[in-house]
Student: 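The structure follows.
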Amino acid sequence: MAAGEFATLPEPLVEMLLIGPVAETARRWLAGVPGIDLGQAARVLPDRIWRSLAPD
């Protein structure tokens, strides 16, 4: 954050943006929710997560 590589956010918000999508995808997959494709999630989520942490 100090280097400007990430958005300046409180640490709990960074954690939510970083871990939240992965944890929720895993939770739904483990619960057997139809339509959860872990391969697709692995391809799509990383770029979208990093964009959510990009500086303004």
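Please read these numbers as outputs of a predicted model, since none were measured by experiment.
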Student: Output the distance between atom CG (Leu30) and atom OG1 (Thr25), rounded to the nearest 0.5 Å.
Tutor: 11.0 Å

Student: Is Val22 reachable from Val44 through a run of hydrophobic residues whose side-chain heavy atoms are each under 4.5 Å from the next?
Tutor: no

Student: If you take all heavy atoms of Ile36 and Val33, which pair is closest and at what distance?
Tutor: CG1-O, 3.4 Å

Student: Kindly compute the distance separating CD1 (Ile49) from CG (Leu17), expressed to the nearest 0.5 Å.
Tutor: 9.0 Å

Student: If two hydrophobic side chains count as joined below 4.5 Å and joins carry through other members, does Leu45 share a cluster with Leu38?
Tutor: no

Student: Nearest 0.5 Å please: distance from the CD atom of Glu15 over to the CG atom of Leu9.
Tutor: 13.0 Å

Student: Do you know the tightest heavy-atom contact between Pro46 and Ala41?
Tutor: CD-O, 3.7 Å

